[in-house]
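Residue numbering restarts at 1 for every chain, and letters A, B, ... go by the order of the sequence lines. Keep in mind that the numbers below use all heavy atoms, side chains included, and drop hydrogens, waters and symmetry copies.
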Protein chains: 2
Amino acid sequence: MQITRQTDYAIRCVLYLSRMRERVVVVDDIAVIMDIPKSFLAKILQRLTKAGIVKSSRGIKGGFQLAKNPRQISLLDIIEAIQGPAGMNRCAINKDICRFSKTCTVHPVWVELRQKVEQHLKKVTFQKLIKLK
Amino acid sequence: MQITRQTDYAIRCVLYLSRMRERVVVVDDIAVIMDIPKSFLAKILQRLTKAGIVKSSRGIKGGFQLAKNPRQISLLDIIEAIQGPAGMNRCAINKDICRFSKTCTVHPVWVELRQKVEQHLKKVTFQKLIKLK
DNA sequence: TTTAATTAAGACAATTATTATCCTATTTTA
DNA sequence: TAAAATAGGATAATAATTGTCTTAATTAAA
């Protein structure tokens, strides 16, 4: 898959929250510090919340914090939360969109590749990302 | 990177030409048989020609044929001919587009992944693709 | 109990990328 | 010279991505 800007933002955001540990942070702060348009970030945080990666609280003293240990969050988790399944080709996600898929000798290549990429991204946790210099 | 429909068409097209061996085929035939919009395919063939993957001849008796042995053409060649460099994230192609890239701990991941994907796709030649059932 | 600060949700606008078409050269062979 | 083919450029149509705005709901504190 192509990593979109939205996913890049999401990664930056989780990176920031990972560094903040348990602390609750408001959208505004993340937006300013991580250079992300505020109302766009708000949308992204909604998705991350639904995916169980961050948790939100409303009202005064509200904001966002990680819902899990950074060790338990991988790059793949973020990508899937924002973009959905991580296939490089649509047919690696849903075979039926292509009328050649039954006999197509290329199709298995996309499937293998998807697996390879997913495996790789699953290993990259945010604990690793914040510890690396 | 995301494989676009255009690239899928290009692959289909080269697959067809590979099966045709040395024979010269006109755009119309490829378009009909491979289910690709004709004038779009014409554009795609121009790119494949510029990339040295197919060669064209004009006039009556003109058309397209492979410029190389299918053994020497890989999926990566087609992707690069149509979409350009094969990074999943823009920053894996050009570091400078991101103002965080100097200290970004995620950046190396995209670079590794790009290499991994390229290696994989380079190994898949059209000889293999037409021999597989 | 009211107010201020926060997120939630949905509609929509703007921008960019992709897909597709069409028209006019140019080339080549018969 | 005519017919059949590709080359190239302009442009239209569609879809995806990015971004904004407004209103509602929630919460803590004054």
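Remark: B:R5 is in phosphate contact with C:dA20, judged by side-chain N or O atoms under 4.0 Å from OP1 or OP2. At D:dG8, one or more side-chain N or O atoms of B:K50 fall inside 4.0 Å of OP1 or OP2 (strictly under the cut-off).
Position along DNA chain D of the nearest nucleotide to A:R58 versus A:S39 favours A:S39 as the more 5'-ward residue. Along DNA chain D, the nucleotide nearest B:K43 and the nucleotide nearest A:Y9 are compared for position; the residue whose nucleotide lies closer to the 5' end is B:K43.
At least one side-chain heavy atom of A:I130 sits under 4.5 Å from a side-chain heavy atom of A:L15. B:T49 is not listed as a side-chain neighbour of B:K55, based on a closest heavy-atom distance of 4.5 Å or more. Inter-residue side-chain proximity for B:V124 and B:S74 is flagged as unmet; no heavy-atom pair is nearer than 4.5 Å.
Counting only heavy atoms from C-beta on, B:V27 has its side chain closest to D:dT6 among D:dT6, D:dC21, C:dT29. Among the nucleotides D:dA3, C:dT6, C:dA5, the one closest to the side chain of B:I60 is D:dA3. When the nucleotides D:dT18, C:dA8, D:dG8 are ranked by their closest atom to the side chain of A:T4, D:dT18 comes out on top.
Atoms CZ (A:F64) and P (C:dA5) sit 18 Å apart, rounded to a whole Å. Between B:Q46 atom CD and C:dT24 atom C1' the separation is 13 Å, expressed in whole Å. Atoms CG (A:L41) and C1' (D:dT17) sit 16 Å apart, rounded to a whole Å. As rounded to whole Å, 17 Å separates atom P of D:dG9 from atom CZ of B:F40. In this structure, B:K55 places its NZ atom 18 Å from C1' of D:dA7, rounding to the nearest Å.
Using a 4.0 Å heavy-atom distance criterion, A:S56 is classed as a sugar-phosphate-only contact.
In plain terms, the two heavy atoms of B:H107 and B:K95 that are nearest each other are NE2-CG, 3.2 Å.
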